[in-house]
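Each remark here refers to the structure printed beneath this line.
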Amino acid sequence: MRDAVHARVDRWRALIALLVLWALIHHIYGTEALASPIETAQRIADLLLGTRWWSHAAVTVSVWVAAFALAALVGVVAGVLMGVCRPAGEVMEPFLSALASLPKVTLYPLVLLVCGLGVSSKLVFGFLHGVLPVLLFTLGAVRQLPLIQLKSAQAMGVSRATCLRHVVLPSIRISVLSGLKLGASLTLLGVLIGEMFGAQKGLGFLLMNAMELNDSVTLSALSVLLLVMALGLNAGFERLTQHAR
């Protein structure tokens, strides 16, 4: 209990320090470089009270949900299959790790060429960002399972489907949730990047529009709102992880 209180106090101290640093940078460089915290708070209120933010946010969230659901399904299934079939996992893991380290923005011209402008390109780009962390976390968790567990299940005549359901999946759930947490954040990043370069709706489009107009106040407000969304997403996965322990 005392550790939890200290953690909350430390978070508030960090938040206050960030606000002070923010105000100091604004005082030195002016609004053209960075809007003040007060100006940003006022613009956030204007965005939340209007309809423009909500309509663009609805577009972004809908694409993110679809992209993340697809990334989670493909990542978990492929990770489990490669982990159970260990030779396949050993062959594919170096290639997947190298692909995960590749900046996905270099693939965006190819995505646009194949999918064109619109929802499909944003969905695919978000999927590409999110699927690899989920797959690699799942693959690593399955490969770390003691072989004795799988061999014992086989010796008792347990079917593969039952073994996956009652032995493999319960043992890897924490690692899978960690992969899903990272994959969810990266999927959102991919969707936003897709909206910045090839969309007329969405929060990424609003960000790019504010950058082109040099509207630092709106840019700061959107950044804070996206930060709050990301923090809420992480908090939700943290609760799921604690519940699964």
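In this chain, numbering begins with 1 at the start of the sequence shown.
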Exercise: identify the closest heavy-atom pair between [X] and [Y]:
X: Ile44; Y: Ala221; value: CG1-CB, 3.6 Å
X: Gly179; Y: Val134; value: O-CG2, 3.5 Å
X: Leu207; Y: Ser223; value: CD2-OG, 4.4 Å
X: Ala100; Y: Leu136; value: CB-CD1, 3.9 Å
X: Ser120; Y: Cys115; value: OG-O, 3.2 Å
X: Ala184; Y: Leu233; value: CB-CD2, 3.8 Å

Let me check something: do [X] and [Y] share a hydrophobic cluster, defined by ILVMFWY side-chain heavy atoms less than 4.5 Å apart, either directly or through other members?
X: Val76; Y: Phe127; value: yes
X: Val91; Y: Val80; value: no
X: Leu128; Y: Leu102; value: yes
X: Leu73; Y: Leu240; value: no
X: Leu189; Y: Val124; value: yes

Does a side-chain heavy-atom distance below 4.5 Å link [X] with [Y]?
X: Leu180; Y: Phe237; answer: yes
X: Trp53; Y: Leu222; answer: yes
X: Thr40; Y: Trp22; answer: yes
X: Leu135; Y: Val74; answer: no

Rounded to the nearest 0.5 Å, what separates atom [atom1] in [X] from atom [atom2] in [Y]?
X: Leu47; Y: Thr218; atom1: CG; atom2: OG1; result: 6.5 Å
X: Leu192; Y: Met196; atom1: CG; atom2: CE; result: 8.0 Å
X: Met208; Y: Leu203; atom1: CE; atom2: CG; result: 13.5 Å
X: Asn209; Y: Gln200; atom1: CG; atom2: CD; result: 9.5 Å
X: Gln242; Y: Ile174; atom1: CD; atom2: CD1; result: 10.0 Å
X: Leu182; Y: Thr187; atom1: CG; atom2: OG1; result: 9.0 Å

For residues 65-72, run the donor-acceptor check on the side chains, cut-off 3.5 Å, and write out each pair with its distance to 0.1 Å, sequence neighbours left out.
none

What residue pairs, at least two apart or across chains, pass side-chain hydrogen bond (donor to acceptor under 3.5 Å, both in side chains) with a residue in residues 56-66?
Thr60-Glu195

For Lys104 and Ile193, run side-chain contact (heavy atoms from CB on, under 4.5 Å): C-alpha distance rounded to whole Å, both residues' side-chain angles, the deciding distance at 0.1 Å, then the answer.
CA-CA 10 Å; Lys104 306 302 182 296; Ile193 293 175; over 6 Å; no

Please check this pair: side chain of Ser175 against backbone of Ile172, looking for a donor-acceptor N/O pair closer than 3.5 Å.
no

Does any N or O in the side chain of Ser36 come within less than 3.5 Å of the main-chain N or O of His26, such that one atom is a donor and the other an acceptor?
no

According to salt bridge (charged side-chain N to carboxylate O under 4.0 Å, His left out), does anything in residues 37-60 pair up with another residue at least two apart or in another chain? List the pairs.
Arg43-Asp215

I'd like to know whether CD1 of Ile28 has more than 12 heavy-atom contacts from other residues, nucleotides or ligands below 6.0 angstrom.
yes

Output, in order, the C-alpha distance, side-chain angles, deciding distance and verdict of side-chain contact (heavy atoms from CB on, under 4.5 Å) for Ile38 and Gln42.
CA-CA 6 Å; Ile38 295 176; Gln42 291 172 343; 4.0 Å; yes

From CA spacing to verdict: side-chain contact (heavy atoms from CB on, under 4.5 Å), Arg143, Glu90:
CA-CA 9 Å; Arg143 290 183 63 185; Glu90 291 175 356; 3.5 Å; yes

